[in-house]
Structure formats: C-alpha cells, structure tokens
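In what follows, a structure is listed as structure tokens, so that the remarks can point back to it.
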Amino acid sequence: MAAPAQPKKIVAPTVSQINAEFVTQLACKYWAPHIKKKSPFDIKVSKVSSKAYLMSICCMVNEKFRENVPAWETFKKKPDHFPFFFKRILKAALAETDGEFSLHEQTVLLLFLDHCFNSLEVDLIRSQVQQLISLPMWMGLQPARLELELKKTPKLRKFWNLIKKNDEKMDPEAREQAYQERRFLSQLIQKFISVLKSIPLSEPVTMDKVHYCERFIELMIDLEALLPTRRWFNTILDDSHLLVHCYLSSLVHREEDGHLFSQLLDMLKFYTGFEINDQTGNALTENEMTTIHYDRITSLQRAAFAHFPELYDFALSNVAEVDARDSLVKFFGPLSSNTLHQVASYLCLLPTLPKNEDTTFDKEFLLELLVSRHERRISQIQQLNQMPLYPTEKIIWDENIVPTEYYSGEGCLALPKLNLQFLTLHDYLLRNFNLFRLESTYEIRQDIEDSVSRMKPWQSEYGGVVFGGWARMAQPIVAFTVVEVAKPNIGENWPTRVRADVTINLNVRDHIKDEWEGLRKHDVCFLITVRPTKPYGTKFDRRRPFIEQVGLVYVRGCEIQGMLDDKGRVIEDGPEPRPNLRGESRTFRVFLDPNQYQQDMTNTIQNGAEDVYDTFNVIMRRKPKENNFKAVLETIRNLMNTDCVVPDWLHDIILGYGDPSSAHYSKMPNQIATLDFNDTFLSIEHLKASFPGHNVKVTVNDPALQIPPFRITFPVRSGKGKKRKDADGEEDDTEEAKTLIVEPHVIPNRGPYPYNQPKRNTIQFTHTQIEAIRAGMQPGLTMVVGPPGTGKTDVAVQIISNIYHNFPEQRTLIVTHSNQALNQLFEKIMALDIDERHLLRLGHGEEELETEKDFSRYGRVNYVLARRIELLEEVKRLQKSLGVPGDASYTCETAGYFFLYQVMSRWEEYMSRVKNTGSASPDAAEVATFFPFHEYFANAPQPIFKGRSYEEDMEIAEGCFRHIKKIFTQLEEFRASELLRSGLDRSKYLLVKEAKIIAMTCTHAALKRHDLVKLGFKYDNILMEEAAQILEIETFIPLLLQNPQDGFSRLKRWIMIGDHHQLPPVIKNMAFQKYSNMEQSLFTRFVRVGVPTVDLDAQGRARASLCNLYNWRYKNLGNLPHVQLLPEFSTANAGLLYDFQLINVEDFQGVGESEPNPYFYQNLGEAEYVVALFMYMCLLGYPADKISILTTYNGQKHLIRDIINRRCGNNPLIGRPNKVTTVDRFQGQQNDYILLSLVRTRAVGHLRDVRRLVVAMSRARLGLYIFARVSLFQNCFELTPAFSQLTARPLHLHIIPTEPFPTSRKNGERPPHEVQVIKNMPQMANFVYNMYMHLIQTTHHYHQTFLQLPPAMVEEGEEVQSQETEMEAEEETGSVQANLTPSPTDASLSQETPTSQPDCSNQTEAASSHTEDTSALCDITTAAEPVSAAAEAATPQDGPSVPAETK
C-alpha cells in the first residue's frame, strides 16, 4: 500500500512581509478601517483590469469561508451592486479557457459559486441563485424529455405555460438575459465535459484540469444535496448524462490523479439516485424505490417489444432475470450503436436519430447509458448495514477521506458537508454517521501511529518482527485464534457473530498490567499487522511517512467480551471480586466485526488474498473516554433502521425547511393559557416589571394579598382569529391582547416542621429571562441565547422547577455537553422546591457533585431503601402515638393498610366534628381539642395551633394531615423496592417509573440509547444546556430515546440554551471542522435558519468595562444593577492602575513565537511576563486561587506550567494559580482575575475566530491582563471592536507597588500612591525578584524585633547556621538572577532595574512562619528553557501526543 505523502506545512507570511506588500500599502493609504486619516479617492489607483478586480473579490470571499468568518457582510451594505457582479461571475465561468480566464481562475470562480449555492439563507444571494435554479431552467432539456417530465407532474404544465406567457411579454434584451441565466448550469456542464475529455489516459496532464474537474463535481454534489436546488437541477443533470461521461473518462482510470475525482464521483452517484421525491421532498420507502426500478425496466421492455425484434428475449423475460448488469450487457452488447441510440431516444434519453444518419455517440457511452440507468441497485440502508463500523488501513491513511490535522483548505475532499438543509432524516443521519465515523478514524490514526512507533518494530535477522521499544497502550500478540463464526440471520450474508481469542504477555509494570486486565466488556481494541523492512536499531522519524517506516499492513477493530480465566471461561463484570490469575499470559475473548470478516473472507476465497486474521502481531487499546465511537455509530445506524418519529412540529425545522418560527409557542395549537409561575417572581412589582408593555390585572385588590406565588393567564387566540386580525391590519396590539390576569394563590400548608416550608427562588429575573422561562413552560421549541454571565443556568433551573410543579405527571430530560455543567445544574435544582426522590443522574461524573448526596442510579436506590426505613420508623412512631397494637411498620404494604383503616378513619371522624356545618361561628378551640395526632406532633415547634382563628387553625390541621399523608404516599411509591430484589431491577424501576427529572450528558445519551429504549424509558420535555457546544448528531439523538406512542412522539417541549457566539463543539481535524462544517452545532444551525430566539440581555458576571470588550458581539447586552453597585465591582484592582490592559511584549533575546514541534506554539517572553505578574499579585496579597492563567495554544500552556513549577510551585508566599489552561478548555468557567497570553507574533492564528476572542474576553470578573504582540493583533479586522478598546489604554503595564490588597480605591480613581510603568519582561522579573527579597528581609526583621525571643532560646550553633543559610541564599539568588535579568554590560537594559522598593509590610504576618525559607528563591529566579517540560508534554511517554492547537 502506498504511503501517503507527508503534507507540507504552509508558512504564514510575517507582519513585515504583509506590510511590505503593495496592496497593504494601498489599503493603509486609502481604505483600511484602522487608518483614521485616509487619502481621497484616486481614479488612477482604481484603474485596474476588471478581471483582476473580479478575481480578487472571489478570492477574498473564498478565503473568508475557509477561515470561517462572515463573508457576505460587505455585499449587504450595497445590495444593488451585487446582481451585476454576479452576472459577471457567470459570464467569466463560461468563458473559453484559452481566453481571458485561465482554468485555474475558473476553478476559483466555481468555488465562489459553490459558496453562493450554500448560502441560500442570505436574501441577497438567494435572489440571484433562484434565477439560475428554478422551473424555467428546464428549457435546457431536450423537448421529448421536457414533455415527459411535465406529463409526470401535471400541475407543472400550468406553471410552464405561465412562464412562456411571461417570457413573451419581456423585451428581447431582458428575455435573452433570462435565457442565458436559465441555461447557465446546462452550459457549465457541457464546458466541464469538454475539459474532462481533454484529459488523456496516460500522458502528462496539468493539475489545473484535474482540480477544475474535482471542484466541478463538488459543486454538482452540493446542488444535488439541497432540496431547493435539487428539485429542478436533478432532471437537468440526468438529461446531460454527466455521470456516464465521467465514469467513461480517462481521469477515472488515472490511478493517482483520478483517485479523489473517483471518490467524488461515487458521492455524486449516491445523491443523484437518492431515495427522495424531487417535487414533494418526501422520502421514498424501499417499496417505492423498487416500484420506480420496475417501471424503468418495464418501459424499456415495452420499447424493445414494440420496436426492436432482436430484443424479444429481453422483452419477455421477468425483471429479476434481466436487471443485473451482466444480463443487461449480454442483451444490449451485440446491438449496433445506431440501434442503441434509437432505444435511448424511445426512452427520451437522447434526441431522435434522423433517418439515414449515424449516431455521433460512442457505442461504449450508449451501452453504459442504458445499463447504468436500468441495473438493479442495492438500497442505501442495506449498504449501510453491510458497512463495517471499524476503520481499516485503507480508510485510516487515505488523505482524501481522512486528511491530516494540518489541512490547508486549498483543495476539495470526498467528504459530506453539514450545511443548513438536508434532503430527508435519512440523509441527515447518514451525513452525520459518515463524518462522526471519519472524525473517530482520525483520532484512531493518531493513537495507532503513537503506540506502534513507540514499540519500534524492526526486521529481525531471520525476516521476522522484533520490537525494540514498548508502549503503554499496545502489546505484541502471542497467539490469535478465531473461535466462533455464527451462522447468518435469514436474508443476510454476513455471520451474526465472530469471536476470537487474543493472547498477550503482560510483562509490564503493575499499574499498566492492571489497566490491561481492567478492559471491560464493549471496550474497543485494534488488531494490527506490521511487517517492518527497516533493520534493527533504525531511528523513527515522525516527520516521514508512518506506514513505510513501521511496515504497517492491516488494521482491524474488535470489541472486548472479557478476559478468560484459567479454565477458558469469560470473567464477567460484576460486584464479585475478579479471580487472581497466575503468570503473565492473559487471553481476551473479542468480537470481530461480522461485515468486515465476511468481506475479508470473500476476498481471500475469490481473489486468493492472504488471510488477514492469520497475520496480527499487535493489539492496541485506547483511553476509555475517547473510545465510545462504535456505540455512537451503532446508535445512529439503529436510528436509520427504525422509523425516526420526530414530532411533526419539529420535522421540517430539523431538515431546514418551512417556516422557522412554526415551532415557537405562539404558533403552537396547544398553547397553554394559564401558567403557575410558582416562586419565579419575588413580588408583584417584580412581576409588573417583567412584562413591560402589558396591562397587569390582579384578581385581588388588597396589596397585602398580592404576594407570590402567582398564576398568570395570558391572552391566547386561535389561528383563525389571529389571521383575520392580521389581515385587518395589525389589530394584535389591542388592550385585550396586552392584558395579563394575575391570580395570587397560597401554597397549602405542608406541615408544622421547619423543613416542611418550601424552598424559594431568590433571584430577581429580568424581563428577558422571564420571557425565556415563559417560553420554556409552553409547548414547542424554545431557543435561549445566553451571553457570558447572563444567568443561563438559573433560567434553566427555574424552567425545570416550573414544569415540575405545573405538570407533575410529566418527565423532563436534562442533557448537557459536560459533566461539569450537569453538576452545576443539579446543585441549583437541589436549592429549589423539588423533591429529591424525583431526581436521577445517569452516567459518570456524579461523583464530582459538591454534595454528600448521590444522584446516580445506585445512589438513588440506596436513598430509596434508606428513606423507606426512615418513613417506616415514622409510621411506627405514629402507631405508638395512636395506641394501635401490632406491627404496622413491617413493610410498605402493612403501612398502607394501617393508613387506610386507622389513620384515615380518625381523620374523617375529626373532620366531621370540626368542619363548619353551617353554624354561625365555628369554635377555633375545637380544632385543637379534637385533633387526633397531638402526641405524634409533640416533637414539632409548639404550640402547633395558634388559636387566633378557626380558618388559620384548620389550615394548620390540614397541613399536619398532608405531612402524614405524604409519608404513606412515598411508602406506596417505595413498595416496588420491596418486591424487586436486585439493585439493577430497582434502578431500572426508578428510571422508568419514579424519576421525574433525569439528567445525562449527550455522550451518555448516544451510548445508551438502545438500552433506554429497550427499558421503555419515556419523557415529555427536553432541556439542553450548552447546546451550542454539542455536536449536531449528539443533539439529535436525545430526541429519540423513547419509542413512539401510537406512531407519534410524545415530546412536548424542547428547550435549548446556549451561545453560538462562543466556541463550537471540539473537532480535532481541521478538514472536518472547516470543509465539512462539522463544528456547526444544531443550535447554531437553527439560529442561521432563522428560528426565533430569546436573547438574554443583562450580565452580572463582570465589571461593565470588561463587558464592553465582548458585548459588541451581542444584540443588546447590558449589565445588571449589582455590577454597578456592589463594592467588589466598584473597587479598583489593588496594585494595578487599570482593571484591564493589553501589554505589548516584544521579542525576548531576539525570539518571539517558537515552534519546537509542528503547531506547538510557545512564546517564552510572554510566558515569563505572565508568571511575573502572577507572582507580583500574590506578593501584594491576592489569593492565588482567584487568578487563572489562560493561553490560546497548548504549547504555551505547558511552558507556563513549567515556569510556574520552577518559580513558585512550592513557595508558600506565592502558591499556584487556580488554573493554567487554554481558552478553549476554560469555556464555561470564570475567575476574578485572568492573565491571558496570545502567543503568536507572526500570524494571528486561530484567535481570528471571533468566537474564541469572545470566550477569552469574558472569563474575567474583575481584572483582565492580556500579553500579546500588539502590532499583529490590532491589524486583524475581525478583532477590531475589542482591540480598539484595548489599545486605547497604555501598552506598558502600569503598577502601584505600594498599594496592598485589598484596596479602598475606587475603580477609575487616580491612586494616591506612585504609579510605576513596566516597559518589558526583564524589568518586571527584576522588580518581582527585588520585591520578594524585600518581603523576606522584612519578615526576618519582624521575627527578630517584634517577637523579642529570649537570647537563651537561640543557641549559638543555630545562629551561625542561620547566617550561613542566608549567605548561601544570597549567593545563589545573585547567580541565578543573571539567567532572567539582562547582562550588566547591556546599558540600555541594565538601567531598567527598579529603584523604589515596594512597601510589603502588610505581608509580614502572613509570611512570618517562612523567615528562613529563602531556598524558595531558587525556584523563583531559575530561568526556564523555552521547550523543557513543554516539549516533553508534546510527546508524553505514556500516551498519544498532545493535539497541536487547543481544539
């Protein structure tokens, strides 16, 4: 197998090179946005050729799409200019290649057109594209084919006649222009065919032609994969017979040049035959596809019978006998070219052949046209079911399918794309299936390359394999045997099960041995065959192709069933302890992929290939968290094999069609008029403020009774009435439509104990948050966009609580991206009035909950059992208080009888005596006198009855009974735990019956869908947090975790909360991320389609000044009042002049950014500067855990961690920051003070993605300090809104060394202390060193002077030792300081040593216990190497290499 060529890294131009460019200089003079004084317009400058002008715009748009930045904003500013420009593009795309436009330039134009067709959501683009693709384009069909198509769909004939009439009314010039646009795609296809035919079979060919052909096929695929374009274009494509021309072309048969073209062609063939009705958009069933196939064959047979006697045998045969390719070739192969042309013309595939004329088409083309059109095709679902789920070596190292991480975006790839619209749910699932599979394959490739290269396979002297190294994640195979091949199921040709035994020798460290023995059922491993050709001792070079170095031949996946014991039996997972096995040899029973096994065996038998399963010599395992791909793929495949019942109100929106607002609650037919908002509002004033523009009518006039909770009745009108009002002219804004009826109500008394009082919400929600809560309570789709700090989690929790109280019989599923977000939700849910017995948390991660309670399945089982015992004890106490003999508290069942016959009878008797029976004044004393449960409630706060009024005491009595009744209600629910004996059965019962709020991560939902559906899991509502960070398919799967009810989904609400302006889902491979748009979440796609959103508009996290750095990205993001009022926001940051600052960092020792490994960026100057500022803040008194250090690259993260470890890791005066991590990893978290390193000095890099900038700017609450090369980042157009604010402040760090933490100075006030300007990193490092030494000396002085120890307590020896220690420390620090500070000979730098000593006396007490700990100075002042531990981290010894960028 040919090894893939190692991709060349594209070197980004430096800032100086960009600035030297003529175009940059022109821009800086005339139009660049950051230039304030621009020169007036000069006609001489703009007098460039129109071709160059056209091409430059196209290149810029293409580049913007490649970089994933908005591309059409400039065109929207002057929309009237775009139509003319677009027509110029169309004309240029059809120009002769030997004329003004070269083929390379026309390839750029094709890419531009492709972007246009994929931007149909933009009105400006759609208006132009519709002129190319609509019913009138059928004028490009041959007349007979046009007549046939119009006959198929009669209503189209009416439209066609109308089009012809309108054309007649047009003036000749406009009509000619319209005809050109309608025929554009037909002419483009003909141009492509001429280019394709010019490519020879074996002679050299220019790659421009190949790239043009590849881009053209990509355009065709995209047109076929969108229903609005496919509806009309598919017929044009079919009529052009493009596929036949392509499959017969020379390019397909060129092994290297045509490889990608062939793969793209297969994708196009798949979409041209996609199972969909082009006109209606409905998915076609397998039966309907079979009917279409039979209709084609029978029409061919009728034509043969009527007109071609030589085909009688074919015409009279049954369909199954003649529809195979071989049969069709046998019947039609002997016919002449003219006869074949006549057959095709009878089928309206070709124009009629004039009499006495020969056809101009080749016989090969005519035969292929008829055969390919009528041959039997395997159904798409059957193809999918026969596809192996594990990748093999052919896919793993195919650059066209799984490109390297460093995909440049220059060429196209044979990959599906996720855009706005999909043909059917099957198409939607299939594209996601393929991309998820390939993204997993990319990660598998990284793991295989890392593990196998660590094992160092070399060729032994005798031609075998010898391993010169070892790997934690891989082991040599001692023996491999296939032990079972089960018979196929009926109708299938692959085995139901294939099992094998793999034996390895675990002569490794104990903890690695435990990891191998700990492989669980369903864990995925890979079986690898290597046949190295390199002799023993050859060094492995990571920069050279991997396969040829290690001699890798085969890769096959397998799934662990279990490890075998001494008797050859599988050791099952369970609570029982695993048996201790002797020796180091271990055998694992594994499941092989039946589809792959069948394909391999067929290849071995039919082609004489070697048996793959006799060759394996390496087994590799993967980290469990990264190894769930097979389960997710199986879930998607199972979904495609079942009827996906998506709610009707969601179906079209998911596919991207129809009215995007149709699922909004205001348009739902089952909108609910009256809702109980429970504890949402804190007061009636809060309620009125939450509905601005509405007239609030309260049902009670007494202000004392206008207290929460409130029920609100909203005006709800039927669709008919609404339409009529709209037609009459905006009568929606009537008084009645704006009136809300508010009804305060009292929550019934729950009992006399303090814990009976309901927990209440304390958050004063804003009016937009209230709108989000209202929308979430109503049926339909609710989309909440939550910028940083706007209370997304609080809104989510309140929606959950309100649904729980309004619809107690409904079940809500909570799905998040991360365990951390799920735990945050749970901690807030527990603070509200929700019974914890109704909460359940599935999956791992519950152990991170900051609570003693366990909400996992088995934790809930234990809770139920413990709660049952507690309640039965209460029953026992109640029984004793009533003086009832027997053992009523033995089981839940006996307790139920006790309640029915003893408790209820006493309560009913009591009620009959005290209930008001019409007497004028009921006696309040009787309520307490006759109360039968006094003794039971003796432990409640006394007195129970106040005696003030009959009504009050009666409510208390009923509350006491509710308390008792709740005990027995819970015991009745817990009865099942007595009947079900195993923990597994009990946990299943809780999941299916008991829990009302079930939470899981999206990954867990994808992994466990099969099990949940099998259990009969049901839910009515879904709430998704972090929805913009969840992969499209992982967002979709939770909709289908239950079986439909009577053919319909029972889902009533779908609430998605997220922020598409922050970072998207993590996709490690750039090609899948950018080319296939796999990073687009379903949330983001819905926003792009136009689904209505509720945008939260008030943040309470950060200072207002910090919020300004990112609020420009949102519609109307303001600040909550407390951001202005609370002292922590109004107080300045001690020791620092500004609350945020951009600090310019120039090259340190002549070096800016460095790259010890590819894409592993570091910047030593910035890293040292960041750590120095952190140390300075800690020395002033800032708590270290309130400071986090962020960076934009993994390389810099490792370098900073390394410096932290050396400088201050074990120093008690400084400590460690809360976190040192990347911006991407820190999304969803926050801290008071953020120090941010941007690393790059040559090119902006991936911070150009504005979403990453928003995350970086929004993590800090009180202080943000950014270290960067200012000249680079301030010139980046996308970052201008933030960097214009940052650069408005001084670019040197301004500190106030004599101001201790905390300070009383207000933010923005001029400090009374002296401000010192730090000009560079060495100066800051020197300053911090001197500051630290001053603190140590002050502390030492404090010990000697203030503690006044008696002389006798200090022995002579100790004193001498102390002096020696001090002298050693001074010598040591003096020597190592030279590593960080500039040489004294450098006069310009040596003058920067700070002259003033900071007043650190406030630190003396805190540091008193560390007087003699001057050895810490070594750690502070030892200089770090730029690579050091960071480079080691790039290639860790115990696992795969760290990803290059923070993806």
Side-chain angles (χ1 to χ4, degrees), residues 1105 1131-1146 1148 1165-1182 1184 1187 1189 1207-1208 1213-1214 1233-1237 1260 1262-1268 1270 1286-1339 1373 1377 1380-1382 1384 1386-1404 1407 1417 1420-1421:
S1105 54
T1131 305
N1133 294 341
L1136 296 157
L1137 183 60
Y1138 299 105
D1139 52 4
F1140 70 82
Q1141 203 177 355
L1142 174 64
I1143 297 123
N1144 185 44
V1145 184
E1146 294 297 335
F1148 175 54
E1166 283 186 21
E1168 293 281 10
Y1169 211 153
V1170 167
V1171 174
L1173 179 57
F1174 165 70
M1175 293 165 65
Y1176 165 75
M1177 293 173 74
C1178 290
L1179 292 172
L1180 281 181
Y1182 283 86
I1187 305 170
I1189 299 177
R1207 296 279 184 278
C1208 42
L1213 283 181
I1214 298 172
Y1233 307 97
I1234 297 293
L1235 311 182
L1236 174 64
S1237 168
L1262 304 175
L1264 174 65
Y1265 302 94
I1266 304 169
F1267 298 82
V1270 175
L1286 291 166
T1287 52
R1289 293 185 174 182
L1291 301 179
H1292 292 307
L1293 181 62
H1294 284 51
I1295 61 173
I1296 312 163
T1298 51
E1299 184 177 50
F1301 176 90
T1303 181
S1304 58
R1305 176 170 61 94
K1306 294 295 179 188
N1307 194 29
E1309 278 184 9
R1310 194 71 193 165
H1313 308 275
E1314 180 189 350
V1315 176
Q1316 186 162 339
V1317 179
I1318 303 294
K1319 294 183 179 177
N1320 55 32
M1321 183 274 291
Q1323 182 185 353
M1324 186 66 183
N1326 271 326
F1327 180 86
V1328 172
Y1329 165 73
N1330 290 331
M1331 183 177 180
Y1332 182 85
M1333 289 303 298
H1334 182 71
L1335 180 61
I1336 293 292
Q1337 290 162 8
T1338 309
T1339 312
T1373 51
Q1377 186 186 354
L1380 228 164
T1381 54
D1386 188 344
S1388 62
L1389 288 175
S1390 62
Q1391 292 171 358
E1392 292 172 0
T1393 306
T1395 53
S1396 63
Q1397 289 297 333
D1399 178 15
C1400 298
S1401 57
N1402 65 304
Q1403 291 287 343
T1404 53
L1417 298 177
I1420 294 173
T1421 53

Discussion item. Using side chain to side chain contact (heavy atoms under 4.5 Å, CB included), reason through Ser1237 and Tyr1169 one step at a time and then give a plain yes or no.
Written reply: CA-CA 9 Å; Ser1237 168; Tyr1169 211 153; over 6 Å; no
Item to complete: Start with the C-alpha distance between Thr1287 and Leu1142, add both sets of side-chain angles, then the distance that settles side chain to side chain contact (heavy atoms under 4.5 Å, CB included), and finish with yes or no.
Response: CA-CA 7 Å; Thr1287 52; Leu1142 174 64; 3.9 Å; yes
Worksheet item: Taking it one step at a time, do Leu1137 and Ile1295 satisfy side chain to side chain contact (heavy atoms under 4.5 Å, CB included)?
Response: CA-CA 6 Å; Leu1137 183 60; Ile1295 61 173; over 6 Å; no
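Counting heavy atoms from C-beta on, the side chains of Ile1318 and His1294 never come closer than 4.5 Å. In this structure, the side chains of Pro1322 and Phe1148 come closer than 4.5 Å at one or more pairs of heavy atoms. Side chains of Leu1293 and Gln1316 form no contact here, defined as non-hydrogen atoms less than 4.5 Å apart. The shortest side-chain heavy-atom distance between Phe1327 and Gln1323 does not fall under the 4.5 Å cut-off. Annotation: side chain of Leu1235 is in contact with side chain of Met1177 (closest heavy-atom distance under 4.5 Å). Contact annotation: the side chain of Phe1174 approaches that of Ile1214 to within less than 4.5 Å [non-hydrogen atoms, C-beta and beyond].
Ring to ring, Tyr1182 and Tyr1233 are close: their centroids are under 6.0 angstrom apart.
A distance of 5.0 Å separates CG of Leu1213 from CD1 of Ile1336, quoted to the nearest 0.5 Å. Expressed to the nearest 0.5 Å, how far CG of Asn1320 lies from CD of Glu1168 amounts to 12.5 Å. Here the CD1-CG distance, from Ile1266 to Asn1144, works out to 12.5 Å after rounding to the nearest 0.5 Å. Considering CE of Met1333 and OG1 of Thr1338, their distance stands at 10.5 Å, rounded to 0.5 Å. Atom CE of Met1324 and atom CE of Met1175 lie 9.5 Å apart (nearest 0.5 Å). Rounding to the nearest 0.5 Å gives a distance of 7.5 Å between NE2 of His1313 and CD1 of Ile1296.
The main-chain N or O of Phe1140 is found under 3.5 Å from a side-chain atom of Arg1289 such that the two form a donor-acceptor pair. A distance-only check finds a donor-acceptor pair linking the side chain of Gln1141 to the backbone of His1292 [under 3.5 Å]. Formation of a donor-acceptor pair under 3.5 Å by the Tyr1332 side chain with backbone atoms of Tyr1176 is not found in this model. When atom types are taken as modelled, the side chain of Glu1309 and the backbone of Arg1305 share no donor-acceptor pair closer than 3.5 angstrom. Proximity of a side-chain donor or acceptor of Asn1133 to a complementary backbone N or O of Leu1136 within less than 3.5 Å is not detected. Between the side chain of Asn1307 and the backbone N or O of Thr1131, no donor-acceptor pair lies under 3.5 Å.
Closest heavy-atom contact between Gly1135 and Glu1299: N-OE1, 2.9 Å. Shown here for Ser1105 and Asp1139, the closest heavy-atom pair between the two residues is OG-OD2, 2.5 Å. Pairing each heavy atom of Ile1187 with each of Cys1178, the nearest pair is CD1-SG, 4.3 Å.
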